[in-house]
Amino acid sequence: QLQLVESGGGLVQPGGSLRLSCAASGYTLEEYAVKWFRQVPGKEREGVACTSGRDPSTYYTNSVKGRFTISRDNAKRMVYLQMNSLRPEDTAVYYCAADPLGLCGDYDYDYWGQGTQVTVSS
């Protein structure tokens, strides 16, 4: 069974950068869609960025376009989220999720990590 573990969260000042990593074990990520979500207590979970398992497509929510970049290294079973120009409103727990459907979209992904906290504050 696929297992996902996120890392790379932490405290950063506004305008700073972080790179989140999502490490997969138990199965190859090659055909999986992998999506980063974030959630703030009391708010709905939000899809942030996604990389398709079927083609090189990537997708971003509007609020992070131009600031965040999702990438994957299938050989290493890793997916990354490079976050630049961070803002206080980016503060959240970030989760990676994967699904063998391979398509980026709004549906229930099968596999989830435990999350990593990102705090943007001065």
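Just the heavy atoms: all of them, side chains too, but no hydrogens, waters or symmetry mates, feed the values below. Computed from a predicted structure; not experimentally measured.
No side-chain donor-acceptor contact under 3.5 Å links Asn74 to the backbone of Arg77. For the pair Glu46 (side chain) and Gln39 (backbone), a donor-acceptor distance under 3.5 Å is absent. In this structure a side-chain-to-backbone donor-acceptor pair under 3.5 Å is missing from Arg19 to Gly9. Thr69 places no side-chain N or O within 3.5 Å of a backbone atom of Met83 that could act as its donor or acceptor partner. In this structure, Arg54 contributes its side chain and Leu101 its backbone to a donor-acceptor pair below 3.5 Å.
Considering every non-hydrogen atom in both Val5 and Gln114, the closest pair reads CA-OE1, 3.7 Å. Taking each heavy atom of Ala98 and Val34 in turn, the nearest pair found is CB-CG2, 4.1 Å. Across every non-hydrogen atom of Arg72 and Ser52, the tightest pair is NH1-O, 2.9 Å.
At a threshold of 4.5 Å between non-hydrogen side-chain atoms, the residues Pro88 and Pro14 count as touching. Within the 4.5 Å cutoff, no side-chain heavy atoms of Tyr80 are placed close to those of Ile70. Inter-residue side-chain proximity for Arg67 and Asp90 is flagged as met; some heavy-atom pair is nearer than 4.5 Å. When side chains are defined from C-beta on, Leu29 counts as touching Leu2, because their heavy atoms get closer than 4.5 Å. Contact check for Ser71 versus Val79: no side-chain heavy atoms found under the 4.5 Å cut-off. In this structure the side chain of Ser21 never reaches within 4.5 angstrom of the side chain of Glu6, judged on heavy atoms. Residues Leu18 and Leu86 meet the side-chain proximity criterion, which asks for heavy atoms closer than 4.5 Å.
Note: Gln117 CD to Leu11 CG = 9.5 Å, rounded to the nearest 0.5 Å. With values rounded to the nearest 0.5 angstrom, Glu89 atom CD is found 8.0 Å from Ser63 atom OG. Taking CG from Leu4 and CE from Met78, the interatomic distance works out to 10.5 Å, rounded to the nearest 0.5 Å.
Hydrophobic clustering, with ILVMFWY side chains joined whenever heavy atoms are under 4.5 angstrom apart, keeps Val12 apart from Val93.
Considering Thr51, Thr61, Leu20, Val64 as possible partners of Trp36, the one that fulfils the side-chain contact (heavy atoms from CB on, under 4.5 Å) test is Leu20.
Applying the disulfide bond (SG atoms under 2.5 Å apart) test to residues at least two apart or on different chains, the pairs with a partner in residues 32-72 are Cys50-Cys104.
Note on ring orientation: taking the six-membered ring where Trp is involved, the planes of Tyr111 and Tyr32 are tilted (angle from 30° to 60°).
Other residues, nucleotides and ligands contribute over 12 non-hydrogen atoms within 6.0 Å of the CD atom of Gln82. Within a 6.0 Å sphere centred on CG of Asp108, other residues, nucleotides and ligands contribute 12 heavy atoms or fewer. For Tyr60, the OH atom sits in a packed shell: over 12 heavy atoms of surrounding residues, nucleotides or ligands are nearer than 6.0 Å.
For an aromatic pair to be called close, the ring centres must be under 6.0 Å apart, and Tyr109 with Tyr107 satisfies this. A ring-centre distance under 6.0 Å is found for Phe37 and Trp112.
Salt bridge annotation for Lys35-Asp99: absent, with no cationic side-chain nitrogen under 4.0 angstrom from a carboxylate oxygen.
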